[in-house]
Amino acid sequence: MKLPEDFYRRPDPVQISRELLGKYLITHIGGVRTAGIIVETEAYNGRTDKACHAHLGRRTKRTEIMYHRGGLAYVYLTYGLHHLFNIVTNEAGFADAVLIRALEPTEGLEEMQLRRGLARPGLARPSLMRPGLARPDYRLTAGPGVMSQALGITREHWGENLQGDKIWVEDRNYTLADQDILQRPRVGIAYAQEDALLPWRFSIRNNPWVSRAKATYESGNNSAQ
DNA sequence: GGAGTGATGTTCT
DNA sequence: GAACATCACTCCG
């Protein structure tokens, strides 16, 4: 079931970030369908949060979309190279958003590899960590820039409505207990000073598709390839 | 596997 | 001209 607009038009981006874990992010771009489970998110609050691009009412051509109603895509280019995909939340006038940072791929893996320039064969069963199987290539979708590239998301999708047929999120009744969820400070926002300490980054515990997998993935995987 | 660093374009000072 | 919600590569162990 596609998440309805009401899901996004709620006031707390931190709560929405947590609830987006385990949901399926799906794109139908260039005639190809790609999808995966959201395993890592970050919340940004336009009113109170120095890390947010729209902090203190900052309003530019780039951030304008964040002031719209929830349920639209905010895509921007960072470091001149990477397109980062966010979902605008809250009602119009509040510049809140959730950054989707990593995905466990489930559909369209071949197309994702092509888009990523990873010609490596044998990415079979990436969600499984069985001894004896080759380790999946986490460079496919474990990080906000590479995830967008794998899904075909670019700045052309800035403002895209998630009720449409290009990018959307589905609830497939994959529920997570609190103990399955890791809550940590956000990544790469040291410039936000004290707000950099806010624990507004959520991820699925022990899921290897979380970005910088080595840092959060507990022991128990076989590191031998 | 960890530190260091270059790539690259838009936004804002 | 600096900074940037990143990534992949090198070098060193």
Side-chain angles (χ1 to χ4, degrees), chain A residues 13-14 16-18 20-21 25 38-67 72-90 95-103 105 112-113 115-120 135-159 182-203 208-225:
Chain A
V14 178
I16 295 172
S17 291
R18 187 219 174 280
L20 279 170
L21 291 181
L25 175 59
I38 296 171
V39 300
E40 183 179 358
T41 60
E42 283 180 1
Y44 288 85
N45 183 308
R47 283 278 165 104
T48 63
D49 173 15
K50 287 180 183 167
C52 186
H53 290 162
H55 175 55
L56 293 180
R58 208 161 55 211
R59 198 160 188 145
T60 67
K61 192 175 170 188
R62 179 178 71 156
T63 61
E64 174 65 28
I65 200 68
M66 296 179 79
Y67 291 89
L72 306 176
Y74 169 47
V75 185
Y76 71 95
L77 190 67
T78 192
Y79 295 100
L81 295 164
H82 308 289
H83 303 266
L84 267 56
F85 171 69
N86 301 252
I87 300 175
V88 175
T89 67
N90 212 335
D96 297 349
V98 175
L99 169 67
I100 311 298
R101 290 188 53 89
L103 208 68
M112 290 188 191
Q113 284 179 293
R115 286 170 175 159
R116 291 278 298 111
L118 301 173
R120 176 185 294 210
R135 206 170 63 146
D137 193 338
Y138 301 122
R139 292 178 303 170
L140 195 59
T141 56
V146 295
M147 183 203 81
S148 296
Q149 187 179 30
L151 293 175
I153 297 173
T154 70
R155 279 171 300 166
E156 289 178 20
H157 304 287
W158 183 94
L182 218 53
Q183 187 170 0
R184 291 277 162 80
R186 295 170 292 179
V187 176
I189 53 158
Y191 62 87
Q193 302 167 351
E194 72 273 13
D195 289 341
L197 301 174
L198 294 169
W200 286 2
R201 171 183 179 233
F202 294 89
S203 60
W209 294 92
V210 171
S211 70
R212 300 151 150 217
K214 297 297 185 292
T216 50
Y217 188 51
E218 317 276 327
S219 61
N221 62 329
N222 75 5
S223 54
Q225 73 131 333

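The chains referred to below are lettered A, B, ... by the order of the sequence lines, with proteins before strands, and numbering in each begins at 1.
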Novice: When both hydrogen-bonding distances must be under 3.5 Å and the geometry is Watson-Crick or G-U wobble, what is dC12(C) paired with, if anything?
Specialist: dG1(B)
Novice: What's the closest nucleotide to the Tyr76(A) side chain, out of dC9(C), dT6(C), dA5(C)?
Specialist: dA5(C)
Novice: Out of dC12(B), dC7(C), dC4(C), which nucleotide sits closest to the side chain of His82(A)?
Specialist: dC7(C)
Novice: Is any side-chain nitrogen or oxygen of Ser211(A) closer than 4.0 Å to OP1 or OP2 of dT6(C)?
Specialist: no
Novice: Using the closest heavy atom to pick a nucleotide of DNA chain B for each, name whichever of Thr63(A) or Thr78(A) lands nearer the 5' end.
Specialist: Thr78(A)
Novice: Whole-Å distance between dG9(B) C1' and His83(A) NE2?
Specialist: 10 Å
Novice: Roughly how many Å is it from CG in Asp195(A) to C1' in dA5(C), rounded to a whole number?
Specialist: 14 Å
Novice: Using OP1 and OP2 only, check whether a side-chain N or O of His53(A) sits under 4.0 Å from dA5(C).
Specialist: yes
Novice: When the P atoms of dG6(B) and dA2(C) are considered, how many whole Å apart are they?
Specialist: 15 Å
Novice: Checking contacts here: which listed nucleotide (dA8(C), dA5(C), dG9(B)) is nearest the side-chain heavy atoms of Leu99(A)?
Specialist: dA5(C)
Novice: What is the distance, to the nearest angstrom, from the CD atom on Glu40(A) to the P atom on dT6(C)?
Specialist: 10 Å
Novice: For Tyr44(A) and dA5(C), do the ring centres fall under 5.5 Å apart while the planes stay under 30° apart?
Specialist: yes
Novice: Nearest whole Å is fine: how far is dA5(C) P from Asp49(A) CG?
Specialist: 11 Å
Novice: Rounded to whole angstroms, how far apart are CG on Leu103(A) and C1' on dT6(C)?
Specialist: 17 Å
Novice: In whole angstrom, give the distance that lies between atom CZ of Arg186(A) and atom P of dT6(C).
Specialist: 12 Å
Novice: dA8(C), dG9(B), dT6(C): which one has an atom nearest the side-chain heavy atoms of Arg116(A)?
Specialist: dA8(C)
Novice: Of all the choices, dA7(B), dT6(C), dC4(C), which nucleotide is nearest to the side chain of Tyr191(A) once you look at every atom?
Specialist: dC4(C)
